[in-house]
Amino acid sequence: MKLTEIYREADTLAPFSLSREYCEKYGAYDNSGILADCASEISCALFSLDCSARAVEAAKRIGAELLFTHHPAIYVPLKELSSENPLTECLKAGISVISAHLNLDCAAGGIDDSLAEALGARERIARMHTLSGGGYGSVFGIGGIPLAEFSDRVKRVLNTERIVLYGDRPAEKIASFCGAGMDEETVRFAFESGADTFVSSDPKHHLIASAVEKGMNVVILTHYAAENYGFHKFYQNIKERLEGVRAEFFTDEKLI
């Protein structure tokens, strides 16, 4: 299967135009798409949240000609490629790279929606950023359970033990944002939408303090666990479309 054909299958599930739309509408930055093209037919592909050294070694081990990542293998403009950069190893091994970042975060049924599903969403009450084919950031009801029980369920579903909790209110109305989604805007949106529990990753201290002062529980996930769940669902969907391609999934157990 050609690299461009795999790109088109990904584009069907999570249109890359959503990344451009999100950046234009909300002032973000992204670099999704075909980031390394080694001009080979793809018979084996590895899906990994990151283009990391461990992921590249796994790709080489199974003979993959493609590493498909969520986080862009090239994010900011590069001035040089050092030997320590995992992308260098990809190029030396003839491994092409596709990254689907904001488009996959925001697609209907994508990573942000998958996180809400993992947290037990029953109905969406509010969406922070809306796009033509999806959006980012949700507030939703889960029916109401003790915070400790909510935490245990999240650990089980996301397959992680690394969760930090603030607060002691029952979790009933959840605000969730995949990735590094805690900032002044998301905390304000969650509070104004009536959320009692805020869930995201990679926060700064003053944002946790602000949410707690507003009376919200704060549940901090690892960035990896918050997104690997949804990326795996994407992998399960796209692998059925990759005719003649053996697809495997890599999870970095050191990070989840």
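Salt bridge status for Glu117 with Lys233: present, with a side-chain N to carboxylate O gap under 4.0 Å. The pair Asp112-Arg127 counts as a salt bridge, with a side-chain nitrogen and a carboxylate oxygen less than 4.0 angstrom apart. The pair Arg54-Asp252 meets the salt-bridge criterion, with a side-chain N (NZ, NE, NH1 or NH2) lying under 4.0 Å from an Asp/Glu carboxylate O. A salt bridge is absent between Glu243 and Arg241: the closest approach of a Lys/Arg side-chain nitrogen to an acidic carboxylate oxygen does not fall below 4.0 angstrom.
Between His101 atom NE2 and Leu35 atom CG the span is 11.5 Å, to the nearest 0.5 Å. Here the CD1 atom belonging to Ile125 is positioned 9.0 Å from the CZ atom belonging to Phe140, to the nearest 0.5 angstrom. Residue Ser210 holds its OG atom at 14.0 Å from NZ of Lys204, rounded to the nearest 0.5 Å. One finds the OG1 atom of Thr130 at 14.5 Å from the OH atom of Tyr136 (value rounded to the nearest 0.5 Å). Put simply, CD on Glu253 and OG1 on Thr251 are 6.0 Å apart, with the number rounded to the nearest 0.5 Å. With rounding to the nearest 0.5 Å, the separation of CG in Leu49 from CZ in Phe231 is 6.5 Å.
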Verdict with supporting geometry, Asn103 and Ser17, side-chain hydrogen bond (donor to acceptor under 3.5 Å, both in side chains): CA-CA 7 Å; Asn103 58 309; Ser17 60; over 6 Å; no
Trace of the side-chain contact (heavy atoms from CB on, under 4.5 Å) decision for Met128 with Val139: CA-CA 8 Å; Met128 187 179 74; Val139 173; over 6 Å; no
From CA spacing to verdict: side-chain contact (heavy atoms from CB on, under 4.5 Å), Asp168, Leu147: CA-CA 6 Å; Asp168 56 10; Leu147 184 61; 5.7 Å; no
Derivation of the side-chain hydrogen bond (donor to acceptor under 3.5 Å, both in side chains) call for His129 and Glu185: CA-CA 11 Å; His129 288 160; Glu185 181 184 13; 3.0 Å; yes
Chi angles and distances behind the ring pair (Phe, Tyr, Trp, His ring centres under 6.0 Å) call for Phe16, Tyr7: CA-CA 9 Å; Phe16 287 90; Tyr7 173 89; 4.4 Å; yes
Pair Leu104-Phe234, side-chain contact (heavy atoms from CB on, under 4.5 Å): steps then yes or no: CA-CA 8 Å; Leu104 187 48; Phe234 168 74; 3.7 Å; yes
Verdict with reasoning, Ser48 to Leu67, per side-chain contact (heavy atoms from CB on, under 4.5 Å): CA-CA 7 Å; Ser48 168; Leu67 180 61; 4.1 Å; yes
Residue pair Asp183, Thr186: steps toward the side-chain hydrogen bond (donor to acceptor under 3.5 Å, both in side chains) verdict: CA-CA 5 Å; Asp183 58 27; Thr186 56; 3.2 Å; yes
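Counting only residues at least two apart or on different chains, the salt bridge (Lys or Arg N to Asp or Glu O under 4.0 Å) pairs with a member in residues 22-50 are Lys2-Glu41. Sorted by first then second residue, the salt bridge (Lys or Arg N to Asp or Glu O under 4.0 Å) pairs that include residues 78-90, not counting sequence neighbours, are Lys60-Glu89, Glu89-Lys92.
Nearest approach of Ile95 to Ala64, heavy atoms of both residues: CG1-O, 3.4 Å. Nearest heavy atom pair, residue Ile142 against residue Ile174, reads CG2-CG1, 3.7 Å. Leu87 and Ala73 make their closest contact through CD1-CB, 4.4 Å (heavy atoms, listed as atom of the first residue, atom of the second, distance). What you find for Ala118 and Leu158 is that their closest heavy atoms are CB-CD2, 3.7 Å. What you find for Leu119 and Ser176 is that their closest heavy atoms are CD1-CB, 3.5 Å. Shortest non-hydrogen contact noted between Ala226 and Leu221 is CB-CD1, 3.9 Å.
Met182 and Leu165 fall into different hydrophobic clusters, where Ile, Leu, Val, Met, Phe, Trp and Tyr side chains are chained together by heavy-atom contacts under 4.5 Å. There is no path of hydrophobic side-chain contacts, each under 4.5 Å, that joins Leu102 to Ile74. Residue Tyr224 is grouped with residue Phe47 when hydrophobic side chains (ILVMFWY) are merged at heavy-atom distances under 4.5 angstrom, including chains of intermediate members. Both Val187 and Ile220 belong to a common hydrophobic cluster when Ile, Leu, Val, Met, Phe, Trp and Tyr are linked at side-chain heavy-atom distances under 4.5 angstrom. In the hydrophobic cluster analysis, where Ile, Leu, Val, Met, Phe, Trp and Tyr join through side-chain heavy atoms closer than 4.5 angstrom, Ile163 is grouped apart from Leu255.
Inter-residue side-chain proximity for Glu9 and Glu5 is flagged as unmet; no heavy-atom pair is nearer than 4.5 Å. Proximity of Ser82 to Asn85: side-chain heavy atoms (C-beta onward) are separated by under 4.5 Å at one or more points. Two residues are said to be in side-chain contact when any heavy atoms from C-beta on lie closer than 4.5 Å; Phe150 and Asn217 fail this criterion. Side-chain atoms of His71 and Glu227, non-hydrogen and from C-beta on, do get closer than 4.5 Å to each other. By the 4.5 Å heavy-atom criterion applied to side chains, Leu91 and Cys38 are counted as neighbours. Residues Cys51 and Val56 form a side-chain contact, since some pair of their non-hydrogen atoms from C-beta on lies under 4.5 Å apart. Val97 has its side chain out of reach of Leu66: every pair of non-hydrogen atoms, C-beta onward, lies at least 4.5 Å apart. Using a 4.5 Å heavy-atom cutoff, the side chains of Asp113 and Cys106 are not in contact.
Listed for the Arg169 side chain is no donor-acceptor partner under 3.5 Å among the backbone atoms of Met216. A donor-acceptor contact shorter than 3.5 Å is absent between the side chain of Thr69 and the backbone of Pro72. Side-chain atoms of Tyr75 come within 3.5 Å of backbone atoms of Tyr29 as a donor-acceptor pair (strictly under, hydrogens ignored). Although no hydrogens or angles enter the test, the distance criterion places no donor-acceptor pair under 3.5 Å between the side chain of Ser138 and the main chain of Ala116. Not a single donor-acceptor pair under 3.5 Å links the side chain of Glu161 to the backbone N or O of Lys155. Proximity of a side-chain donor or acceptor of Ser99 to a complementary backbone N or O of His70 within less than 3.5 Å is not detected.
Checked against a 6.0 Å centroid threshold, the rings of Phe177 and Phe198 count as neighbours.
Glu184 and His206 share a side-chain donor-acceptor pair at under 3.5 Å. For Thr222 and Arg162, the side-chain atoms include no donor-acceptor pair closer than 3.5 Å. Side chains of Glu65 and Ser96: no donor on one and acceptor on the other come within 3.5 Å.
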